[in-house]
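Just the heavy atoms: all of them, side chains too, but no hydrogens, waters or symmetry mates, feed the values below. Bear in mind that the values here come from a model prediction, so they are computed numbers and not experimental data.
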Amino acid sequence: MNACFLLLIILLIVRVLLISPDTGLHYDRYLREVIDFLEKDQHFREKLHNTDMEDIKMGKLAKELDFVSHHVRTQLDELKRQEVSRLRTLIKAKQDIEGGNDIAVDHQALLKQFEYLNHMNPHTFEVEDLDRLIKSATSDLENYDKERHEEFKKYEMTKEHERREHLKTLDDEGRKKEEEHYEEMKKKHADHPKVNHPGSQNQFKEVWEEADGLDPEDFDPKTFFNLHDSNGDGFFDEQELEALFTKELEKIYDPTNEEDDMVEMEEERLRMREHVMNEVDTNKDRLVSLEEFLVATKKKEFLEPDSWETLEQNQAYTDEEMLEFEEHLAQQEEDLNQRASDLQKQRDELERQQEQLNAQKVELQQVLWEVVGKHHIFTPCMPKTPFAEMNGHKMNPNERS
């Protein structure tokens with residue numbers, strides 16, 4: 001896909017599709033395949049080159065679907081049918097896991113939660129489907145980084161909670177040793193070379209010298225940009241930017257060190273990328289053009305940046321958030337214990353009822369045997385009748401002899 005297509009298509013959606021192996025969206029594959037098929041249509045491609053960003057946001061681009069070739073429309077129809085089938089399979093699997101095998105599934109109602117397609121028409125891909133896909137992916141991708149930060153915060157609070165719970169299991173001496181070890185690890189992690197401000201001249205010069213093997217005195221922003229624009233499309237995408245921070249991250253994190261958490265390293269990488277994007281990406285398209293990059297290199301912040309505060313200097317959560325998190329966990333544990341207690345009571349009740357049924361069964365069997373026994377004792381025996389007479393044939397004395 002060329003750079004012009006990259007610049008115009010659906011705000012940041014296709015940009016992320018082109019630069020990332022996975023957008024993180026649960027409908028990533030469907031999104032990619034739809035865009036790939038649309039790009040193959042000559043009419044749609046021409047409209048992309050001449051469509052204003054605001055028109056795309058207002059849904060005018062989606063209306064061009066009516067002019068797409070029959071062959072492409074047929075392929076889009078099949079994609080949608082496959083996606084609806086996939087969603088129905090997921091719904092059924094979720095229901096099975098939750099133990100609702102005997103409950104009828106209202107697929108239409110459940111499909112409403114998937115706003116990126118029109119579930120009322122599961123057979124054909126229409127203008128509304130493209131419009132929904134554009135709006136959903138735009139919104140979801142804009143919130144993606146925010147969700148990653150929230151996941152990281154939860155990860156950090158869980159780690160701290162588990163540490164505190166572990167301390168409760170130790171005696172005074174063990175707790176003291178564990179606390180000393182914890183503080184020692186924190187100190188070792190914080191003891192690292194100075195981290196350059198992401199996106200600053202010093203940071204880029206270090207990459208220029210150590211990664212590119214060039215003289216820092218010969219640093220040239222345009223040459224640097226072209227060297228690290230790995231796909232040569234004239235833009236720094238998010239992955240290309242993050243690659244520039246590897247040297248800085250290696251100062252802080254080493255996977256062989258006990259004190260260094262690689263999950264935290266990825267959060268630090270994300271923080272650095274977001275910072276540079278906020279400073280340099282003036283049109284907020286999640287790409288840094290050569291022009292934007294060169295303008296940024298002339299700013300005071302590029303030449304004389306403030307110091308960069310790493311994660312150990314910026315705790316991911318507040319004390320209030322940690323307290324709320326632990327209260328939530330305690331409530332969850334209480335609910336689980338209550339549920340376990342209720343289930344145990346139900347089990348005890350079922351066992352009691354089963355014992356009653358067994359006792360009733362034994363009692364009924366005893367009554368039955370008593371009835372059968374009395375029948376054998378008091379019922380007179382029938383006279384023995386020759387077989388032939390019992391079948392309506394009266395035998396004469398000669399036959400009997």
Exercise for the section: Return yes if some donor-acceptor pair links the side-chain N/O of Arg81 with the main-chain N/O of His123 below 3.5 Å, else return no. Expected result: yes
Exercise for the section: State, without any angle test, whether Ser230 and Glu240 hold a side-chain donor-acceptor pair at a distance under 3.5 Å. Expected result: yes
Exercise for the section: Report yes if some heavy atom in the side chain of Asn143 is under 4.5 Å from a heavy atom in the side chain of Arg148; otherwise report no. Expected result: no
Handout entry: Sidechain-backbone polar pair: Ser136 side chain, Leu133 backbone, donor-acceptor under 3.5 Å
Key = no
Practice task
Assess whether atom CD of Gln365 is packed by more than 12 heavy atoms of other residues, nucleotides or ligands within 6.0 Å.
Solution key: yes
Handout entry: Test item: Asp41 side-chain N/O and Leu38 main-chain N/O as donor-acceptor pair under 3.5 Å
Key = no
Problem - Residue pair Gly199 / Phe245: nearest heavy atoms and the distance that separates them - result: N-CE2, 4.4 Å
Problem - Residue pair Thr310 / Ile252, side-chain heavy-atom distance below 4.5 Å - result: yes
Practice task
State whether the side chain of Glu279 and the backbone N or O of His275 hold a donor-acceptor pair below 3.5 Å, judged by distance alone.
Solution key: no
Practice task
May I ask you to test the Leu249-Glu268 pair for a side-chain heavy-atom distance under 4.5 Å?
Solution key: yes
Problem - Parallel, tilted or perpendicular: ring planes of Phe224 versus Phe204, cut at 30 and 60 degrees - result: tilted
Practice task
Would you please classify the geometry between the Phe325 ring and the His161 ring as parallel, tilted or perpendicular, with 30° and 60° separating the classes?
Solution key: perpendicular
Practice task
Could you check if a side-chain atom of Glu78 sits within less than 4.5 angstrom of a side-chain atom of Gln82, using non-hydrogen atoms only?
Solution key: yes
Exercise for the section: Please check if atom CZ in Arg339 has more than 12 non-hydrogen atoms from other residues, nucleotides or ligands closer than 6.0 Å. Expected result: no
Problem - Arg163 NZ/CZ over Tyr182 ring centroid, <6.0 Å and within 45° of normal - result: yes
Problem - Partner residues of Trp208 under the ring-ring contact (aromatic ring centres under 6.0 Å, His included) criterion, sequence neighbours left out - result: Phe219
Extract all donor-acceptor atom pairs below 3.5 Å that involve side chains of residues 294-305 and protein atoms in other chains or at least two apart in sequence.
{"from": "Thr297", "atom 1": "OG1", "to": "Leu294", "atom 2": "O", "distance (Å)": "2.6"}

Exercise for the section: List in chain and number order the residues that pass side chain to side chain donor-acceptor pair (under 3.5 Å) with Asp172, two or more places apart in sequence or in another chain; answer none if no residue qualifies. Expected result: Arg175
Exercise for the section: Answer yes or no: is there a donor N or O on one side and an acceptor on the other, between the side chain of Gln203 and the main chain of Leu244, under 3.5 Å? Expected result: yes
Handout entry: Ion pair Arg32/Asp28, N-O distance below 4.0 Å
Key = yes
Practice task
Could you tell me whether the side chain of Asp129 reaches within less than 4.5 Å of the side chain of Leu76, counting heavy atoms only?
Solution key: no
Handout entry: Over 12 foreign heavy atoms within 6.0 Å of CD, Gln332
Key = yes
Handout entry: Residues Lys188 and Asp260 bridged, charged N to O under 4.0 Å
Key = no
Handout entry: Note: Glu173-Lys176 ion pair, threshold 4.0 Å (strictly below)
Key = no
Exercise for the section: Could you walk me through whether Glu180 and Lys177 pass salt bridge (charged side-chain N to carboxylate O under 4.0 Å, His left out), step by step? Expected result: CA-CA 5 Å; Glu180 289 175 350; Lys177 287 182 178 179; over 6 Å; no
Practice task
Begin with the C-alpha distance, continue with both residues' side-chain angles, and end with the deciding distance and a verdict on salt bridge (charged side-chain N to carboxylate O under 4.0 Å, His left out) for Glu165 and Lys168.
Solution key: CA-CA 5 Å; Glu165 290 300 303; Lys168 293 177 182 179; 2.9 Å; yes
Practice task
Tell me, please, which residues at least two apart from Tyr253 pass ring-ring contact (aromatic ring centres under 6.0 Å, His included).
Solution key: His189
Problem - Donor-acceptor pair, side chain of Lys80 and main chain of Asn118, under 3.5 angstrom - result: yes
Exercise for the section: May I ask you to say whether Arg286 pairs ionically with Glu238, meaning some side-chain N is under 4.0 Å from a carboxylate O? Expected result: yes
Problem - No-hydrogen, no-angle side-chain donor-acceptor test under 3.5 Å, Gln331 and Asp335 - result: yes
Problem - Enclosure of Gln353 CD (heavy-atom neighbours >12, cutoff 6.0 Å) - result: yes
Exercise for the section: Please identify each residue that fulfils side chain to side chain donor-acceptor pair (under 3.5 Å) with Glu267, with sequence neighbours left out. Expected result: His149
Practice task
Could you tell me whether the side chain of Asp131 and the main chain of Val127 form a donor-acceptor pair under 3.5 Å?
Solution key: no
Exercise for the section: Could you label the plane-to-plane angle of the Tyr30 and Tyr116 rings as parallel, tilted or perpendicular, counting under 30° as parallel and over 60° as perpendicular? Expected result: tilted
Exercise for the section: May I ask you to check whether Asn202 and Ser200 show a side-chain donor-acceptor distance below 3.5 Å? Expected result: no
Problem - Side chain to side chain, Met265 and Leu311, heavy atoms closer than 4.5 Å - result: no
Practice task
Decide, yes or no, whether a salt bridge links Arg271 with Glu274 under the criterion of side-chain N to carboxylate O below 4.0 Å.
Solution key: no
Problem - Exam field: side chain Gln315 to backbone Tyr317, donor-acceptor pair closer than 3.5 Å - result: yes
Handout entry: Lys187 backbone acceptor or donor facing Asp191 side chain under 3.5 Å
Key = no
Problem - More than 12 heavy atoms from other groups under 6.0 Å of CZ on Arg73 - result: yes
Problem - Residues Glu206, Lys251: salt bridge by 4.0 Å N-O rule - result: yes
Practice task
Run the salt-bridge test on Glu151 and Lys154 with the 4.0 Å N-O cut-off and return the result as yes or no.
Solution key: no
Handout entry: Short side-chain donor-acceptor distance under 3.5 Å, His181 and Glu258
Key = yes
Problem - Pair Lys153 + Glu150: basic N to acidic O under 4.0 Å - result: yes
Fill in the blank from the handout: Hits for salt bridge (charged side-chain N to carboxylate O under 4.0 Å, His left out) against Arg164, two or more places apart or cross-chain, chain-then-number order -> Glu160, Glu326
Problem - Heavy-atom neighbours of Gln356 CD exceed 12 at 6.0 Å - result: yes
Handout entry: Asn257 side-chain N/O to Glu259 backbone N/O, donor-acceptor pair under 3.5 Å
Key = no
Exercise for the section: Check whether any side-chain heavy atom of Lys205 sits under 4.5 Å from a side-chain heavy atom of Glu209, and report yes or no. Expected result: no
Problem - Pairwise side-chain contact, Thr89 with Leu87, heavy-atom cut-off 4.5 Å (strictly under) - result: no
